[in-house]
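Below, all heavy atoms of this structure are taken into account, side chains as well, without hydrogens, waters or symmetry copies. None of these values were measured; they are calculated from a predicted model. Residue numbers count from 1 along this sequence.
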Amino acid sequence: MAGIKDVAAAAGVSVATVSRVLNGHPSVSAEARARVMGAVAELGYRPNAVARSLRTDQTHTLGLVISDVLNPYFTELARSVEEEARALGYSVIIGNADERPELQDHHVRNLLDRRIDGLLVSPTDGGSPLMLDAVRAGTPMVFVDRWIPGVDVPVVRADGRGAVRDLVAHLHGLGHRRLAIIAGPAATTTGSERVEAFRAALAEYGLRLPDAYTGQGDFQAESGRRVTEGFLDLPEPPEVVFAADNLMALGALDAVRARGLRVPDDIALAAFDDIPWFVHTDPPVTAIAQPTGELGRAAVRALVDRIEGRTPRSVTLPARLVVRRSCGAPAPPTQSPSPVQRSTS
């Protein structure tokens, strides 16, 4: 059965042009429209369910599917998206995937049925057939925070590698050598990227990340508690637990306190994704902060560019380290040892 890519190839136009023709968009030239409709007739193309869900008229409504509405990071992200969309004349319908791919697809399907003008998604996994079909059908889409590798969709995200290096330098300067991580799901780009950034930063100081010091979490507090209990049961527990998201860090803190231990006296704790709560814990938690508000606003602008016929760009903003007391008193800069020099051979 012919698909939209086949029609585009036969007509010598882009997939987006085919989508605009099929949806009656006025920006397509008469010549291009004739070529597309000729290819449609020749190939016997019939739009699939996703293609039929594309708008025929603008609704000035955007869809936002976030990974977990209970995660303060995504709550703040959703707020900034809604504010920027409103400023640009759009409203937003939000779907909470709850870190479940099937629920993500449920929301994507419903949003397409509502004839939204465009879709912002923070994918819960490496890709779903429904979402990939929506991309192929020409649905204006932007990935925010997470993305699906190999899919030609603009991505708005933070780069945390520099901040992770700063964290490891901070921990090394405090004398910590046994560092562990509670990783996020490997199927998400943020889950895999943060582990690799941590591993690479440790290598700069001649440190390894043993398997025993790598725990698999799911960006939920319960997994942070469970993984930390496993770390504490080791014959030689880590000196530091780095949680790759804020909810897992809160779970880790619960596990430490349940054992009657204290942070940072008995074990240090750091987190990716700073949240307002961290300044109120005892001690306040060292964390990597993402520019959440800027990410949400940039994602909306990129999506509106795509909807209104402009070429959107991917945006990458730096994250930063916020040092507090959960890893110990900061060492003077002059006492921080230098990283191991890499061989140039």
[X] side chain to [Y] side chain, donor-acceptor N/O pair below 3.5 angstrom:
X	Y	value
Ser122	Ser67	yes
Asp98	Gln104	no
Tyr73	Asp245	no

Can you confirm whether [X] sits close enough to [Y] that some side-chain heavy atom of one is under 4.5 Å from a side-chain heavy atom of the other?
X	Y	value
Pro185	Phe219	yes
Val240	Leu269	no
Phe143	Val151	yes

*Could you please spell out the steps behind the side chain to side chain donor-acceptor pair (under 3.5 Å) verdict for Asn110 and His106?*
CA-CA 6 Å; Asn110 282 347; His106 166 79; 3.1 Å; yes

Counting N and O atoms only, with roles assigned by atom type, does the side chain of [X] sit under 3.5 Å from a partner on the main chain of [Y], one being a donor and the other an acceptor?
X	Y	value
Glu84	Val300	no
Asp166	Leu321	no
His107	Ile94	no
Thr139	Ala134	yes
Arg194	Gly184	no
Asp145	Arg157	no
Thr292	Gln290	yes
Thr17	Val15	no
Arg324	Pro284	no
Thr61	Val92	no

*Start with the C-alpha distance between Asp117 and His60, add both sets of side-chain angles, then the distance that settles side chain to side chain contact (heavy atoms under 4.5 Å, CB included), and finish with yes or no.*
CA-CA 6 Å; Asp117 292 339; His60 291 279; 4.3 Å; yes

*Answer yes or no: are there more than 12 heavy-atom neighbours, outside Arg259 itself, under 6.0 Å from its atom CZ?*
yes

_Would you say CG of Asp211 has more than 12 non-hydrogen atoms from neighbouring residues, nucleotides or ligands within 6.0 angstrom?_
no

When rounded to the nearest 0.5 angstrom, what is the spacing between [atom1] in [X] and [atom2] in [Y]?
X	Y	atom1	atom2	result
Leu179	Leu207	CG	CG	7.0 Å
Leu167	Thr286	CG	OG1	7.5 Å
Glu236	Arg178	CD	CZ	4.0 Å
Thr188	Ile148	OG1	CD1	11.5 Å
Ile66	Leu64	CD1	CG	5.5 Å
Phe278	Asp273	CZ	CG	8.0 Å

Do [X] and [Y] belong together in a cluster built from hydrophobic side chains that touch within less than 4.5 Å?
X	Y	answer
Trp277	Val322	no
Val69	Leu295	yes
Leu261	Leu234	yes
Phe74	Leu103	no

_Applying side chain to side chain contact (heavy atoms under 4.5 Å, CB included) to Leu120 and Val65, what does each step give before you reach the verdict?_
CA-CA 6 Å; Leu120 294 167; Val65 180; over 6 Å; no

*asked:* Angle between ring planes, Phe242 versus Phe198, binned at 30° and 60°: parallel, tilted or perpendicular?
replied: tilted

*Test Arg114 against Ile93 for side chain to side chain contact (heavy atoms under 4.5 Å, CB included), laying out the working first.*
CA-CA 10 Å; Arg114 288 173 179 263; Ile93 302 174; 3.7 Å; yes

*asked:* Test salt bridge (charged side-chain N to carboxylate O under 4.0 Å, His left out) on Arg86 and Glu83; report intermediate values, then the result.
replied: CA-CA 5 Å; Arg86 186 172 65 248; Glu83 288 176 347; 5.2 Å; no

*asked:* Under the criterion side chain to side chain donor-acceptor pair (under 3.5 Å), I'd like the reasoning laid out for Asp274 against Asn246: C-alpha separation, chi angles, the key distance, then a yes or no.
replied: CA-CA 7 Å; Asp274 196 16; Asn246 48 47; over 6 Å; no

Between [X] and [Y], is there a side-chain N and carboxylate O pair less than 4.0 Å apart?
X	Y	value
Arg226	Glu222	no
Glu76	Arg79	no
Glu308	Arg301	no

What heavy-atom pair brings [X] and [Y] nearest, and what distance separates the two atoms?
X	Y	value
Gly118	Leu303	C-CD2, 3.7 Å
Pro154	Ser314	CA-OG, 3.5 Å
Pro312	Arg310	CD-O, 3.2 Å

*Which salt bridge (Lys or Arg N to Asp or Glu O under 4.0 Å) pairs, counting each pair once, include a residue from residues 260-269, with sequence neighbours left out?*
Arg262-Asp265

_Residue of the set Leu70, Asp68, Asn71, Leu250 for which side-chain contact (heavy atoms from CB on, under 4.5 Å) holds with Gln220_ = Asp68

*Can you tell which of Thr214, Val195, Val227, Asp218 makes a side-chain contact (heavy atoms from CB on, under 4.5 Å) with Ile182?*
Val227

*With Arg306, which residues qualify under salt bridge (Lys or Arg N to Asp or Glu O under 4.0 Å), at least two apart?*
none

*Return the set of residues passing salt bridge (Lys or Arg N to Asp or Glu O under 4.0 Å) with Asp159 (not counting sequence neighbours), or none when no residue passes.*
Arg161

*Verdict with supporting geometry, Trp147 and Val156, side chain to side chain contact (heavy atoms under 4.5 Å, CB included)*: CA-CA 9 Å; Trp147 64 99; Val156 176; over 6 Å; no

